[in-house]
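Single-structure report; data block below.
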Amino acid sequence: MNKENLTYAGGAGALSSSIKFILRDDFIKSSKSLLKLNQVKGCDCPGCAWPDPNPKERSFAEFCENGVKAITYETTKQRASKEFFANNKVKDLAKLEVYELSQKGRLCEPLSYNKQKDIYEAISWDKAFSLIAKHLKKLKTPDDAILYTSGRASNEAAFLYQLFGRLLGTNNFPDCSNMCHESSSVAMNKNIGVGKGTVELEDFKKAKLIMVFGQNPATNHPRMLASLQEARKNGAKILSFNPLKEAGLLGFIHPKDFKSMLFKTPSQISTHYYQVSLGSDMAVLQAVIFYILKHHKTKLDFEFIEKHCHGFEDYEKHILSQDFKNLVKHSSLSKKEIKEIADLYLESDKTICCWAMGLTQQEHGVASIEEVINLLLLKGNIGKSGAGACPVRGHSNVQGDRTVGIDEMPKEDFLKSIDKAFSFKSPRKHGVNVVNAIKVIAKEKNKVFIALGGNFAEAAPDSKLCYAALEACDLSVYISTHINKSHLLCGKSSLILPCLGRTEIDIQSSGKQSLSVEDSMSIVHSSQGRNKPISSFLKSESEIIAKIADATLGKNKIDFLDLISDYDKIREKIEEVLPIFKDYNKKIKNSSGFVLENLASKRIWNTDTKKANFSSNLIPNLKLNSKHLALMTMRSHDQFNTTVYAKDDRYRGIKNKRKIIFINPKDIELLGFKNGDLVDIYSHSKDNIRRSVKGFEIISYDIKQGCAGAYFPEANPLISIEHHDKKSFTPAYKFIDISLKNTK
Ligand SMILES: Nc1nc2c(c(=O)[nH]1)N[C@H]1C(S)=C(S)[C@@H](COP(=O)(O)OP(=O)(O)OC[C@H]3O[C@@H](n4cnc5c(=O)[nH]c(N)nc54)[C@H](O)[C@@H]3O)O[C@H]1N2
Ligand SMILES: Nc1nc2c(c(=O)[nH]1)N[C@H]1C(S)=C(S)[C@@H](COP(=O)(O)OP(=O)(O)OC[C@H]3O[C@@H](n4cnc5c(=O)[nH]c(N)nc54)[C@H](O)[C@@H]3O)O[C@H]1N2
Ligand code: SF4
Ligand SMILES: [Mo]
């Protein structure tokens with residue numbers, strides 16, 4: 001078993017790693033930026049979507065180790081300049097490992113792909129905008145344009161982008177949430193009428209029980225550990241459900257707690273740790289609920305159920321018609337553990353359920369989240385202080401982008417509002433999500449693909465198919481800060497348009513601009529950069545979109561250039577379309593921002609039944625061939641999605657490597673391998689296409705038997721495009737049927 005993994009997160013390790021990253025590059029610039037990070041009138045952390053504490057509780061250093069990595073990545077001195085591109089053919093750059101490519105630095109000027117020379121060359125902004133307009137104007141149908149968004153874009157940029165797309169005539173807005181929390185949005189919209197979490201940070205202080213499913217906060221939402229630590233100090237029980245023993249779910253030392261750091265005395269986080277099999281959470285929940293309904297029905301909150309819920313009787317009948325023994329078997333836990341979870345749930349009158357990718361990225365992602373909601377409803381745990389649903393979002397503004405209209409299936413109310421505010425008829429036909437975008441680009445090969453941030457090629461499943469699809473485009477356009485693999489899958493024409501990062505000053509004709517973003521708890525707040533942009537060529541995302549729109553559509557429809565002259569004007573339009581943003585410009589100047597109204601947390605249910613719905617689903621059959629393992633693909637501690645800052649995964653005891661596979665020691669032995677063996681991984685999918693990745697080192701690890709773990713994006717070639725949740729189309733990145741062979 002790997003002996004190097006840690007049993008707590010934070011502490012001196014986090015502090016020294018932060019210092020290492022600050023010293024590694026532009027020390028002065030990054031330190032200055034960090035002091036403004038997450039502060040009132042400062043810059044919002046471009047890392048994850050965990051909210052900031054209220055201003056009175058903020059300290060001078062209000063960030064975590066991963067905030068440091070995100071900032072130093074933006075303030076780096078490294079440059080992917082035009083000289084760099086002149087000296088490196090695209091085909092050579094495409095061979096680099098994700099880590100090597102991630103280290104090439106910031107993009108500095110607009111670039112256009114020269115197919116004959118196989119290099120990117122500088123192009124003027126005007127020529128770049130004209131080329132895009134030329135392609136867009138000659139599309140046979142507007143649906144030949146695909147407009148991808150990654151969740152770092154600001155509300156202002158995202159709003160302009162969706163407006164431009166809809167004026168063009170398409171709802172083709174695949175976005176990173178299609179690969180992330182889409183299962184949460186689908187399930188929650190149907191069941192409680194809102195696709196967002198119903199809790200605020202204050203609720204964590206009052207909760208009696210917090211259940212954390214499929215999440216690794218030490219790496220992905222580090223400041224959440226401070227909330228869990230405080231909750232535990234206040235007496236809350238914390239239940240973690242995870243196939244891996246994750247350090248941060250075991251213990252935590254706040255890097256500001258010098259005494260604990262000195263004596264290495266972490267506070268425990270989880271009171272109970274349930275090491276479940278991949279994909280089994282839904283069976284756990286059904287088994288728990290079966291037990292509750294059978295033996296403790298009187299302890300439910302019937303006042304709430306009768307007043308607020310729909311479908312309880314049918315749901316009860318459905319659950320009690322299941323075979324309890326079978327549910328327990330599929331839960332991967334013991335009957336004793338199931339009873340223990342049920343008792344803990346019943347004891348608490350204030351329960352929060354948190355979850356992330358372990359639940360959403362499953363074939364039964366939506367059903368699993370519906371089961372979480374069912375559990376919460378049984379005791380009225382939604383719309384009550386100290387309780388609620390907490391899908392912990394990924395990208396810093398992924399939630400805001402959706403709110404302002406990045407949605408391939410927009411609601412009619414939203415479209416009507418857009419039409420009224422801008423006097424046109426927006427398209428009603430639904431657009432493509434990520435999975436369908438890949439399929440349609442691969443099939444039709446004549447698309448214009450525009451990406452507002454992100455790294456579509458490496459984030460998406462079925463890498464081979466996705467790469468070929470991007471290479472078949474007529475034009476691909478990437479609005480980006482850093483070079484990545486997607487840029488190297490050039491279509492007939494390809495452009496890279498370099499944009500400002502969050503930390504940089506954005507000046508438009510009316511002066512300095514601020515942006516706004518929405519965090520995981522629906523708080524909208526402003527963000528302003530303080531650093532001089534790394535190159536005079538950079539433009540803001542909003543300016544780039546406005547200029548593409550202006551070149552393509554002209555001024556006869558909407559004056560995009562006027563909108564970007566002062567971002568207050570964009571926010572006025574957002575407010576006009578979405579009344580929840582009432583007094584946007586006034587409120588955004590308020591130090592801590594403002595909370596968007598969340599009807600479910602007021603127990604107003606915007607669902608088809610106007611009540612909170614119980615949902616009945618059957619657990620999936622996840623049985624694999626006895627020689628196979630279920631593989632999850634996850635993040636290391638030193639990466640942000642497809643950006644790899646360094647090759648360590650400190651909490652899991654991994655140094656300087658990424659091509660590894662975590663396996664339980666018993667499975668290693670049963671399958672006839674040894675710790676350290678190099679193996680090729682084969683996946684088995686319903687489409688019978690043989691997919692594999694080669695040369696991964698086996699790491700013996702405390703992971704549930706039958707399960708394995710590898711890093712994303714290295715393992716993405718294994719995932720079939722058809723392997724996704726049927727309702728949300730979220731790729732099932734967390735359950736891949738694999739077998740192994742020794743590498744020859
Ligand atoms: N530093 C850093 N921060 C990030 C990111 C990053 O890459 N780096 N990415 C951001 C983004 S976009 C997102 S979406 C979030 C992602 O945040 P997470 O969801 O925490 O990210 P993953 O690394 O995918 O981890 C999934 C966790 O779920 C567990 N798991 C996997 N399958 C199952 C299962 O079937 N059941 C249960 N119970 N557990 C399971 C894994 O062991 C792991 O602990 O983080 C955001 N924050
Ligand atoms: N196998 C597997 N695949 C996964 C996942 C998984 O768990 N397993 N997780 C999925 C999830 S949850 C997500 S959210 C997606 C992420 O998918 P994406 O959001 O598409 O990917 P990122 O790696 O976050 O994008 C990084 C790139 O964004 C650009 N960028 C960075 N900052 C900025 C900025 O401020 N503005 C602009 N315009 N560009 C910027 C840089 O060029 C950088 O290379 O990946 C998904 N893919
Ligand atoms: S918890 Fe997330 S948002 Fe906060 S500083 Fe860390 S990475 Fe940034
Ligand atoms: Mo995500």
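Whatever order the structure lists ligands and atoms in, that order sets their numbers, starting from 1. Residue numbers run from 1 in the order of the sequence given.
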What residue and heavy atom of the protein are closest to atom 3 (S) of ligand 3, and at what distance? Cys48 O, 3.3 Å
Ligand-residue contact atoms, ligand 3 with Arg223, heavy atoms, under 4.0 Å: 1 (S), 4 (Fe), 5 (S)
Nitrogen or oxygen of Ala356 less than 3.5 angstrom from that of ligand 1: no
Could you identify the single nearest non-hydrogen protein atom to atom 14 (S) of ligand 1 and state the distance to 0.1 Å? Cys180 SG, 3.1 Å
Atom 13 (C) of ligand 1 sits nearest the protein heavy atom Gly394 CA, 3.2 Å
Name the option, out of Met634, Gln362, Met282, Glu246, that contains the heavy atom nearest to atom 43 (C) of ligand 1. Glu246
Can you find a heavy atom in the side chain of Glu408 that is under 4.5 Å from one in the side chain of Asn178? yes
At under 4.0 Å between heavy atoms, which part of His637 makes contact with ligand 1: side chain, backbone, both or neither? neither
Under a 4.0 Å heavy-atom limit, does Arg635 contact ligand 1 with its side chain, its backbone, both, or neither? both
I'd like to know if the side chain of Gln286 reaches the main chain of Asn617, judged simply by a donor and an acceptor atom lying under 3.5 Å from each other, with no hydrogens or angles considered. yes
Under 4.0 Å from one or more heavy atoms of Cys48, ligand 1 contributes atoms 47 (N)
One finds that the ligand 1 atoms under 4.0 Å from a non-hydrogen atom of Lys734 are 24 (O), 26 (C), 31 (C), 32 (N)
Would you say that Met521 contacts Trp50 through its side chain, given a criterion of any heavy-atom pair below 4.5 Å between the two side chains? yes
Any nitrogen or oxygen of His395, main chain or side chain, under 3.5 Å from a nitrogen or oxygen of ligand 1? no
Give me the ring orientation class for Tyr274 and His272: parallel if the planes are under 30° apart, tilted from 30 to 60°, perpendicular past 60°. parallel
In terms of residue, atom name and distance, what is the protein heavy atom nearest to atom 1 (N) of ligand 1? Thr219 O, 2.9 Å
Side chain, backbone, both or neither: which applies to Val398 and ligand 1 if a contact is any heavy-atom pair less than 4.0 Å apart? neither
Residue, atom and distance of the protein heavy atom nearest atom 8 (N) of ligand 1 read Gln639 O, 2.6 Å
Counting only heavy atoms, tell me which of Gly214, Cys707, Gly365, Ser150 gets closest to atom 27 (C) of ligand 1. Gly214
Which residue supplies the protein heavy atom nearest to atom 8 (Fe) of ligand 3, what is that atom called, and how far is it? Cys45 SG, 2.3 Å
Are Glu97 and Lys659 ion-paired here, with the side-chain N under 4.0 Å from a carboxylate O? no
of all protein heavy atoms, closest to atom 32 (N) of ligand 1 is Leu278 CD2, 3.1 Å
With under 30° as parallel and over 60° as perpendicular, where do the rings of Trp355 and His181 fit, or are they tilted in between? perpendicular
Is Asn220 close to ligand 1, meaning an N/O of one under 3.5 Å from an N/O of the other? yes
Of the protein's non-hydrogen atoms, which lies at the shortest distance from atom 5 (S) of ligand 3, and what is that distance? Cys64 N, 3.4 Å
Is the closest heavy-atom distance from Gly279 to ligand 1 below 4.0 Å? yes
Starting from atom 38 (N) of ligand 1, locate the nearest protein heavy atom and write down its residue, its atom name and how far away it is, to 0.1 Å. Asp281 OD2, 2.7 Å
Between Thr730 (side chain) and Asp725 (backbone), is there a donor-acceptor pair under 3.5 Å? no
Can the positive tip of Lys245 be found less than 6.0 Å from the middle of the six-membered ring of Tyr273, inside 45° of the ring normal? yes
Locate the shortest heavy-atom distance separating Val435 from Phe729; write the atom from each residue and the value. CG2-O, 3.5 Å
Heavy atoms only, cut-off 4.0 Å: how does Asn641 contact ligand 1, side chain, backbone, both, or neither? both
Ligand-side contact atoms (ligand 1) for residue partner Gln215, heavy atom cut-off under 4.0 Å: 20 (O), 27 (C), 28 (O), 44 (O)
Using a 3.5 Å distance criterion without hydrogens, assess whether the side chain of His482 forms a donor-acceptor pair with backbone atoms of Leu101. no
Parallel, tilted or perpendicular: rings of Phe241 and Phe213 (30°, 60°): parallel
Atom 15 (C) of ligand 1: which of Glu65, Gln275, His221, His181 has the nearest heavy atom? His221
Check whether Phe640 forms a cation-pi arrangement with Arg152 (NZ or CZ under 6.0 Å from the six-membered ring centre, at most 45° off the ring normal). yes
Tell me which part of Asn66 gets within contact of ligand 1: side chain, backbone, both or neither, using heavy atoms under 4.0 Å. side chain
Which bit of Met357 gets closer than 4.0 Å to ligand 1, counting heavy atoms only: side chain, backbone, both or neither? both
Looking only at protein heavy atoms, identify the closest one to atom 31 (C) of ligand 1 and say how far it is in Å. Met632 SD, 3.2 Å
Does Asn397 reach the side chain of Arg502, with side-chain heavy atoms less than 4.5 Å apart? yes
Check each atom of ligand 1 against the heavy atoms of Val276 and keep those under 4.0 Å away; list them by number with element. 38 (N)
Please list the nearest protein heavy atom to atom 42 (O) of ligand 1 with its residue and the distance rounded to 0.1 Å. Asn242 OD1, 2.7 Å
Ligand 1 versus Arg393: contacting region, heavy-atom distance under 4.0 Å: neither
Phe213 N/O under 3.5 Å from ligand 1 N/O: no
Stepwise, does the salt bridge (Lys or Arg N to Asp or Glu O under 4.0 Å) test hold for Arg223 with Asp52? CA-CA 9 Å; Arg223 288 190 305 163; Asp52 303 320; 2.8 Å; yes
Any donor and acceptor pair, going by atom type alone, linking the side chain of Arg232 with main-chain N or O of Gln268 inside 3.5 Å? yes
Side chain to side chain contact (heavy atoms under 4.5 Å, CB included) test vs His330 passes for just one of Val284, Leu622, Ile619, namely Ile619
Per the salt bridge (Lys or Arg N to Asp or Glu O under 4.0 Å) rule, which among Arg650, Lys655, Lys69 passes with Asp638? Lys69
Report the distance from atom CG of Asn641 to atom CE of Met179, rounding to the nearest 0.5 Å. 8.5 Å
Look at ligand 1 and say whether Gln361 reaches it with a heavy atom at a distance under 4.0 Å. no
